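Have a look at the structure below, then the notes.
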Amino acid sequence: MKRIILLSISFLLFLGCKELELQEFDLKNAYVSFALPDRSITAKEPFLDSTIYSFAVDTVIGIKSKTLAIPIKIGGVVNAKDRKYSVEIDPSSDYDPELVSLSEPIIRANKYEDTLFVSIKRGSELLNKEMSLVLRLNSNENFNVGHLHNSLLTIKFNDILLIPFWWNDWQMYFGPYYKEVYQQWMVIYHLGSDMSSDIYTGAPGPIYFWKNMPESVEPEWYPITFMHISLLKKYFEDHVVYPNGDNTQERILLP
């Protein structure tokens, strides 16, 4: 009986493998794949099939363009000469072609990994719309498409930064909402910049940062938070920053 059960299981596994039709690779050939690392704890694949970038949260205030570096890996054999691979922008993309450009798709000599550079301009339409760029790898005379999961890469990009839920409570110190102020607050009041313990439970810090503000707007209770607010205020006194880079508007200053 045990032998019959084992034979039945083996037969089912065989059928399952046939049904999956696992992709086979010929080591004599070369294969190309997107290789943007997935560093999340729950990652099921080593590389991402999508990513997102927002000008609104970039630490460089006033940035006009951004170049994203996308790793490209090959499987199989290297070559002593530079080789071009084929990448196209998929028709499912939703973007303004005037805002995007790609570097030349090349794997340089004797390399198993190279970089595709995607340049994005900070167009005004990104203030209200998130765009998506879908890149697709294709086979050519030098490379076949590698892992199917990483033959497509979706890049979403925008310039949108929504007002945080705590802003209204702190408006007397931060002033009216400007994403430039919020952006700089992320830089100044990052996790670890305030080691204060929880005022109610005594739990050790770091607890408070730009995403988890103190519950009460009391300078006496949260002196380190307010010290950082003074640094934020001084930043906008020392640097002339306009809303959305529009110098026809009044410069940003904190109360």
Side-chain angles (χ1 to χ4, degrees), residues 34 36 38 40 48-70 87-103 115-136 152-191 193 209-213 217 228-229 231-255:
F34 292 114
L36 196 62
D38 188 344
S40 62
L48 295 167
D49 60 3
S50 64
T51 188
I52 186 169
Y53 168 75
S54 177
F55 285 101
V57 297
D58 198 295
T59 56
V60 181
I61 290 182
I63 187 172
K64 300 299 183 185
S65 63
K66 180 72 174 183
T67 299
L68 305 180
I70 308 299
V87 61
E88 67 172 349
I89 297 175
D90 193 82
S92 64
S93 301
D94 180 16
Y95 76 110
D96 181 350
E98 296 295 323
L99 300 182
V100 175
S101 61
L102 307 180
S103 65
T115 306
L116 177 69
F117 295 101
V118 180
S119 297
I120 304 172
K121 295 179 182 178
R122 193 175 193 173
S124 58
E125 55 267 53
L126 294 176
L127 292 168
N128 302 304
K129 178 182 178 180
E130 180 173 82
M131 298 187 181
S132 63
L133 181 73
V134 182
L135 302 178
R136 178 187 292 275
L152 284 174
L153 180 67
T154 300
I155 301 173
K156 295 183 178 182
F157 54 99
N158 63 61
D159 195 4
I160 301 169
L161 187 60
L162 300 177
I163 183 170
F165 69 92
W166 53 261
W167 194 278
N168 288 339
D169 293 337
W170 290 82
Q171 189 166 353
M172 68 178 71
Y173 298 102
F174 284 81
Y177 176 73
Y178 294 110
K179 72 173 186 292
E180 290 83 0
V181 176
Y182 189 18
Q183 181 180 8
Q184 187 60 24
W185 185 234
M186 291 178 179
V187 175
I188 291 175
Y189 201 51
H190 57 83
L191 183 62
S193 62
F209 67 114
W210 61 267
K211 197 174 182 179
N212 184 37
M213 293 287 283
V217 188
H228 284 85
I229 291 175
L231 294 176
L232 181 70
K233 182 175 182 177
K234 189 174 188 309
Y235 176 88
F236 285 96
E237 290 172 349
D238 296 343
H239 300 80
V240 179
V241 180
Y242 298 100
N244 297 320
D246 183 358
N247 59 13
T248 63
Q249 300 186 49
E250 292 187 10
R251 64 178 290 195
I252 298 173
L253 291 170
L254 270 63

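Everything quoted here is computed from the prediction, not taken from an experiment. Residues: numbered from 1 along the sequence shown.
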Checklist entry - Between Val241 and Gln184, does a side chain to side chain contact (heavy atoms under 4.5 Å, CB included) hold up when you go through it step by step? => result CA-CA 11 Å; Val241 180; Gln184 187 60 24; over 6 Å; no
At what distance, to the nearest 0.5 angstrom, does [atom1] of [X] lie from [atom2] of [Y]?
X      : Y      : atom1 : atom2 : answer
Asn158 : Arg122 : CG    : CZ    : 10.0 Å
Thr154 : Leu48  : OG1   : CG    : 11.0 Å
Leu253 : Lys233 : CG    : NZ    : 9.0 Å
Met131 : Ile120 : CE    : CD1   : 10.5 Å
Leu152 : Ser92  : CG    : OG    : 7.5 Å
Leu68  : Leu102 : CG    : CG    : 10.5 Å

Is it true that a side-chain atom of [X] and a backbone atom of [Y] form a donor plus acceptor pair closer than 3.5 Å?
X      : Y      : answer
Arg251 : Phe236 : yes
Lys121 : Lys64  : no
Trp210 : Ile188 : no

Checklist entry - Among Asp96, Asp94, Asp159, which one satisfies side chain to side chain donor-acceptor pair (under 3.5 Å) with Lys129? => result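 By the side chain to side chain donor-acceptor pair (under 3.5 Å) criterion, Lys129 pairs with just one of Asp96, Asp94, Asp159: Asp94.
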Checklist entry - Can you name the closest pair of heavy atoms from Thr115 and Ser103 and give their distance? => result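 Looking at all heavy atoms of both residues, the closest pair is O-OG, 4.3 Å.
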Next on the checklist: Could you walk me through whether Leu135 and Ile89 satisfy the side chain to side chain contact (heavy atoms under 4.5 Å, CB included) test, starting with their C-alpha distance in whole Å, then the side-chain angles of each, then the deciding distance to 0.1 Å, before giving a yes or no?
Outcome noted: CA-CA 5 Å; Leu135 302 178; Ile89 297 175; 4.0 Å; yes
Checklist entry - Of the options Ile70, Leu36, Val134, which is the one that meets Ile155 in a side chain to side chain contact (heavy atoms under 4.5 Å, CB included)? => result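 The residue from Ile70, Leu36, Val134 that satisfies side chain to side chain contact (heavy atoms under 4.5 Å, CB included) with Ile155 turns out to be Ile70.
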Checklist entry - Between Tyr53 and Phe55, what is the ring plane arrangement, given parallel below 30°, perpendicular above 60°, and tilted in between? => result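 Ring orientation, 0 to 90° scale: perpendicular.
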Without placing hydrogens or testing angles, list every side-chain donor-acceptor pair under 3.5 Å for residues 174-182, not counting sequence neighbours.
from, atom 1, to, atom 2, distance (Å)
Tyr177, OH, Leu161, O, 2.5
Lys179, NZ, Asn244, OD1, 2.3
Glu180, OE2, Asn244, N, 2.6

Checklist entry - Do Met213 and Asp169 come within less than 4.5 Å of each other through their side chains, counting heavy atoms only? => result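 No, too far: nothing below the 4.5 Å cut-off.
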Item to check | Test side chain to side chain contact (heavy atoms under 4.5 Å, CB included) applied to Val100 and Phe157, step by step | outcome: CA-CA 11 Å; Val100 175; Phe157 54 99; 3.8 Å; yes
